[in-house]
Each structure stands twice: as structure tokens, then as C-alpha cells.
2 protein chains.
Amino acid sequence: MNSGRKTDWNGCPTRYAAGIVGDKWCFLLLRDVLLHGKRTYREFLASPEGISTNILANRLAKLETLGMLTREPDPRKASSICYFPTKKSKDFLPALVSMMVWATQHDEATEAPASFAESYSTDPGGTIAWYEAEIERVDQALRSS
Amino acid sequence: MNSGRKTDWNGCPTRYAAGIVGDKWCFLLLRDVLLHGKRTYREFLASPEGISTNILANRLAKLETLGMLTREPDPRKASSICYFPTKKSKDFLPALVSMMVWATQHDEATEAPASFAESYSTDPGGTIAWYEAEIERVDQALRSS
DNA sequence: CTCTCCACTTGCATTTTGCAAGTAATTTGA
DNA sequence: TCAAATTACTTGCAAAATGCAAGTGGAGAG
């Protein structure tokens, strides 16, 4: 999937980020995991952007390889699968939220309320913490079922 | 370049961001403009990732259409071209820096010094302001030549 | 024991990419 | 002054990635 020489993708942090986030589908899967509480193949498939099943499988594998997701049996039904965010992907939340704030300010068609950007600017840490708490809530609930 | 229906890409801020940044080459061009002071076709072409010329032309046009860059004659030499960052792309800096911090912490092959993430964590605003000042310096110098 | 659900895989047509070469408008150097 | 170089692209084509539809194999339900 990455045809460049290895050295082309090492060293520079922006280039490293581009290797993961610089792909529409990886980016949106990260959104689904970090912001929308999605954990299963079917949930990812149901996102409105309409990812196709081969691409979804490919990207889930890529994100797992990159250490962004773990693939585990679903606690609710051992025969199905859950993808959980790792610390590495949770640590990406501030960057993701920062991009959301930017998009909210510059996409004239945004449906996000202006209050979102406002509350972020008055208390960025609190906004991030709120999303983090949501993630913990979702995964706690799932793991203890 | 975007085959989805229009409604598929409106509304959600993350999706909006994915439409721009969720492309390796756009992402790296933004880095070159915002972080490395690059402004000309040749400079972009010279980046170590090796973008090909047709893709570069395509992405510069895309970024111009999206309001991220302006295409202007080079003040130093009227026959050549400069691409300047707009306010919209400069506003993207905090998100970009946030991704760099994340990458610095999670890419074991990073060449960025740990001091970068540290100085960001003690004074995020100052770090951003430093990059902003660099951009102004570059563009001031260019425009007044 | 069949039927459905789930998480994929496969095949194939279409699209995008990468690479090499070419071009048109300057501009530089001898 | 005039050939050679530079700049910002465009074009053609082969190779790779994508989208779409259909298929597969295993677990669980009825």
C-alpha cells in the first residue's frame, strides 16, 4: 500500500501522520472509533460515506498493524469481533478535535453548532476530556458485558 | 476527484477535514507551505517524498479551489508563480502541530527532538505563534522583493 | 438441519497514480 | 543574438488502488 522506500516515511512527524491520517478512509474510521463509539465491522460499514467492504477490511488491518486498533472477540457474542482504540489512537483525539474546530470555522456548510468551537476555545482540555470520558464509557460498558 | 454525492461530504466537520487532509499529497503540501516555507512548484517537487508533476499540479489546483492557497506571480520574477497560504490554511496550523506532537510521541523512528513535544505542552500557544511568525516572515520577505 | 448473521474475500470494471517524456513561455549566458 | 536552460505545467501509458456485486465459511437460532 505504501510503495515508497522506507526511509521516505521515517523521521518527519508530519510525514508519519500523513501515512496514517492522509487516507480518507483511515481518517473516517478513526472518527467513527474516537467520536462515534463505533466498534464493529457492521457499524463501520453503516457510516454515511459508504465504505466498501474490501476497503474496510483492508483499512482495519492497516490500523491494527499500525497499533491504532486492537481486534478482539466481542464480549457480547464471542463469534463476532470488536475493534477497540489503543492509547496511540486515543492520543490522537486532540489533533482530531483540533481539525473539527478548524472545519467548523471554515466549512460554510457545517452542521456543527458554533458553540462547539466556542466551548473548545474557552476550555480545550475540558472538551478533549469529555470525548475521552465517552470513549472510556463505551469501552467499559462493552468489556463488562 | 470526489465521486460521492454532495450531501455525503457536507455537515460533518471531520468529514470536511477528511476531504482535504485525507489525502497524502494535500497533507504534505500543507506541511511544505505552513512549516517549511515552500512557495513554488519547484520547491514542492523537491520534497523528499517525490510527488510526481501531474499529481502536484492537480493538488495545487485542488488546494487553490478549496481556498487553502492562492496562486500569484512570483514577486522576484514575474514569469514564475508563487503559492501562498490563505487565512484558512494558516488556521490549520494548530491542527497540524497537534498531529506533529502526536507523531513525535508515537513514531519510534521520529527524528524530531523530544523537546518539541515538551515545549508544546508547556506553551502550545507560543509554539503555534512561532510558526505563524515564520510564515509571516517568509511571505513578507517574498512580497516585498 | 436449514436459515440467517457476521466478517470478511474474490473478481472485475473503472479510476487514480506514478513515471517518463514533451511543451510553451520566458530568461540566462556566451 | 541566439542557443541552452529554467519554470510550470500537460500528455500518454502501464500499474496500482478503488468501487461494486457476489460469494464464502463459520457460529448461532429456530
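Naming: A, B, ... by sequence-line order, numbering from 1 per chain.
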Check this one for me: any side-chain N or O of [X] less than 4.0 Å away from OP1 or OP2 of [N]?
X      : N       : value
Y83(B) : dC9(D)  : yes
W25(B) : dG18(C) : yes
R71(A) : dC8(C)  : yes
R59(A) : dT18(D) : yes

Over how many whole Å does the gap from [X] atom [atom1] to [N] atom [atom2] extend?
X      : N       : atom1 : atom2 : value
D74(A) : dC6(C)  : CG    : C1'   : 11 Å
F44(A) : dA7(C)  : CZ    : P     : 10 Å
I51(A) : dA7(C)  : CD1   : C1'   : 14 Å
E43(B) : dT6(D)  : CD    : P     : 16 Å
L28(A) : dG19(D) : CG    : P     : 11 Å
I55(A) : dT16(C) : CD1   : P     : 13 Å
L60(A) : dA7(C)  : CG    : P     : 10 Å
D23(B) : dT17(C) : CG    : C1'   : 11 Å

What side-chain donor-acceptor pairs closer than 3.5 Å can you find for residues 114-121 of chain B, not counting sequence neighbours?
residue : atom : partner : partner atom : Å
S119(B) : OG   : S115(B) : O            : 3.4
S119(B) : OG   : F116(B) : O            : 3.1
S121(B) : OG   : E118(B) : O            : 2.9

- Query: Which letters describe nucleotides 25-30 of chain D, given B = protein heavy atom under 4.0 Å from base, S = only from sugar-phosphate, - = neither?
  - Reply: --SS--
For nucleotides 9-13 of chain C, list the nitrogen or oxygen atoms of the protein found under 3.5 Å from its nitrogen or oxygen atoms, one pair per line.
residue : atom : partner : partner atom : Å
dT9(C)  : O4   : T53(A)  : OG1          : 2.4

- Item | Set of residues satisfying salt bridge (Lys or Arg N to Asp or Glu O under 4.0 Å) with respect to E64(A), sequence neighbours excluded |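 E64(A): no salt bridge (Lys or Arg N to Asp or Glu O under 4.0 Å) contacts found.
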- Partners passing salt bridge (Lys or Arg N to Asp or Glu O under 4.0 Å) against R42(A) (at least two apart in sequence or in another chain):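 Testing R42(A) for salt bridge (Lys or Arg N to Asp or Glu O under 4.0 Å), a comparison that skips the adjacent residues, returns none.
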- Item | Atom of A17(B), atom of A103(A) and distance for their closest heavy-atom approach |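 Looking at all heavy atoms of both residues, the closest pair is N-CB, 4.4 Å.
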- Task: Would you verify whether the NZ or CZ of R143(A) falls within 45 degrees of the ring axis of F84(A) while also being under 6.0 Å from that six-membered ring's centre?
- Result: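 Yes, a cation-pi geometry holds between R143(A) and F84(A).
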- Query: Are the charged groups of R15(B) and E111(A) less than 4.0 angstrom apart, N to O?
  - Reply: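 Looking at R15(B) and E111(A), the cut-off is not met.
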- Message: Can you tell whether the side chains of D74(A) and R39(A) come within less than 4.0 Å, N to carboxylate O?
- Response: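 Looking at D74(A) and R39(A), the cut-off is not met.
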- Query: Want to settle it: does T40(A) or S80(B) sit nearer the 5' end of DNA chain C, counting the closest nucleotide to each?
  - Reply: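 This one resolves to T40(A).
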- Task: Give a yes-or-no answer on whether the side chains of E49(A) and S47(A) include a donor-acceptor pair shorter than 3.5 Å.
- Result: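 S47(A) and E49(A) do not have a side-chain donor-acceptor pair below 3.5 Å.
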- If you look only at pairs with a residue in residues 125-135 of chain B, which of them pass as a salt bridge (charged side-chain N to carboxylate O under 4.0 Å, His left out), with sequence neighbours excluded?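 Residue pairs with at least one partner in residues 125-135 of chain B: E134(B)-R137(B).
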- Query: When you measure from the side chain of I81(A), which nucleotide among dT7(D), dC8(C), dC20(D) comes out closest?
  - Reply: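 The nucleotide sitting nearest to the side chain is dC8(C).
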